[in-house]
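Numbers here simply count residues along the sequence, with the first being 1. We count ligands from 1, going down the list as the structure has it; atoms in each ligand are counted the same way.
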Amino acid sequence: MIAAVCLQNVHKVYNNISVVNDLSLTIEPGEIFGLLGPNGAGKSTTIRMLTTLTQPTQGDIVVAGYDVIRQPFGVKKQIGVVLQQVSVDMDLTVWENMEFHGRMHHIPNPRRQKEIDRWLEYVDLSDRRNNLVKTLSGGMKRRLQIARALLHQPQILFLDEPTVGLDPQTRRRLWEIIKGLNQQGMTILLTTHYMEEVEYLCDRIGIMDSGKLIEIGTLPELRQKFGEGLLMQQTGDRWDYKFFPTMDDAKTYLEQQPDKTGMMIRSSNLEDIFVELTGRNLD
Ligand code: ADP
């Protein structure tokens with residue numbers, strides 16, 4: 001099977017600085033892949049290269065079988081893109097935004113109207129179709145962006161920080177929408193700096209920092225690699241962390257300590273792994 005997304009030794013240089021540095025990565029059809037990393041890690045730049053909005057300085061990128069530099073129109077037909085900044089037109093209605101996008105992609109009527117109805121229904125915006133976008137909440141605008149990105153039936157959906165700035169309830173709703181799309185067979189690549197988003201949604205995770213992919217795998221694989229049990233120890237206002245292969249190992253270690261003051265054990269999570277890798281928190 002041909003990979004949905006393949007990057008080989010990709011670099012992006014801005015002002016002599018490598019903001020994406022030798023990135024190689026393959027995403028299989030049907031995966032939800034999460035690129036996780038702090039602000040400035042190079043996630044958006046990666047998405048922009050994958051979606052033909054900017055060219056790599058060096059390296060090869062193939063999306064849905066098309067080369068992003070030589071066959072950008074082939075790529076564009078096969079992808080849906082939701083970027084961080086809200087890109088829908090505020091002075092048009094929900095339906096007008098969808099209609100405009102549908103025409104841009106030359107989707108003929110009556111199929112265009114059928115697809116508009118279908119995707120507005122899917123993101124629960126049917127009753128808002130005649131409202132101006134500027135009257136919608138942040139979560140609704142994001143849902144409209146997703147509906148619009150799906151209108152031309154792409155194979156791969158790119159979501160750059162899809163739930164940033166949204167309240168927890170709205171975030172959960174979007175997660176259900178994203179999961180549902182994946183269950184229908186859509187390949188999804190999303191970027192985020194929210195740990196829970198990755199843990200809830202992603203089949204595989206790539207951790208980026210300073211332009212480099214520093215770790216990749218499923219969450220169980222990463223936890224197995226770094227250790228599933230964690231001992232936290234507070235000394236003054238500092239916390240130290242120690243990984244153990246299993247929770248039982250962590251428990252045994254704790255029981256053997258003559259002085260357990262300030263110590264506790266718990267299961268490790270992605271945040272712990274990120275801190276272990278970089279010495280920093282994600283935010
Ligand atoms: P992330 O999405 O992980 O927060 P970005 O890809 O947005 O990271 O940015 C990575 C780095 O590239 C940052 O230091 C940012 O300032 C820089 N950068 C992004 N776009 C440009 C640009 N058009 N010109 C110059 N520098 C840029």
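The shortest N/O to N/O separation between Ala41 and ligand 1 falls below 3.5 Å. The shortest N or O to N or O distance between Lys43 and ligand 1 is below 3.5 Å.
Close contacts of ligand 1 with Ser44, meaning ligand atoms under 4.0 Å from a residue heavy atom, involve 1 (P), 2 (O), 6 (O), 7 (O). Interface of Val19 with ligand 1, defined as ligand atoms under 4.0 Å from a residue heavy atom, comprises 11 (C), 12 (O), 17 (C). Ligand-side atoms of ligand 1 in range of Asn39: 4 (O), range being under 4.0 angstrom from any heavy atom.
Figure legend: Lys179 and Tyr200 shown as a cation-pi pair, the cationic atom lying under 6.0 angstrom from the six-membered ring centre and within 45 degrees of its axis.
Heavy atoms from other residues, nucleotides or ligands lying under 6.0 Å from CD of Gln224 number 12 at most. When the shell of 6.0 Å around CZ of Phe100 is examined, it contains 12 or fewer heavy atoms from other residues, nucleotides or ligands.
Tracing side-chain contacts under 4.5 Å through hydrophobic residues (I, L, V, M, F, W, Y), one reaches Met49 starting from Leu25; they form part of the same cluster. Connection of Leu144 to Val82 is established within a shared hydrophobic cluster, with ILVMFWY side chains joined at heavy-atom distances below 4.5 Å, either directly or through further cluster members.
At least one heavy atom of Pro38 lies less than 4.0 angstrom from ligand 1. Assignment of Gly37 to the shell around ligand 1 is not supported, since no heavy atom sits closer than 4.0 Å.
Nearest protein heavy-atom contact of atom 1 (P) of ligand 1 is Gly40 N, 3.5 Å. The nearest heavy-atom contact from the protein to atom 8 (O) of ligand 1 is Gly42 N, 3.1 Å. In terms of protein heavy-atom proximity, atom 20 (N) of ligand 1 is closest to Tyr14 CE1, 3.4 Å.
His106 and His152 have their aromatic ring centers separated by at least 6.0 angstrom.
In this structure, atom 18 (N) of ligand 1 has a protein heavy-atom contact shorter than 4.0 Å. Within the 4.0 Å cut-off (strictly below), a protein heavy atom is located near atom 10 (C) of ligand 1.
Of the heavy atoms in Thr45, both backbone and side-chain atoms come closer than 4.0 Å to ligand 1.
No hydrogens or angles considered: a donor-acceptor pair under 3.5 Å links the side chains of Arg142 and Gln145. Judged purely by distance below 3.5 Å, without hydrogens or angles, the side chains of Glu197 and Thr163 pair a donor atom with an acceptor atom.
Applying the salt bridge (charged side-chain N to carboxylate O under 4.0 Å, His left out) test to Arg266 and every residue at least two apart in sequence or in another chain returns Asp272.
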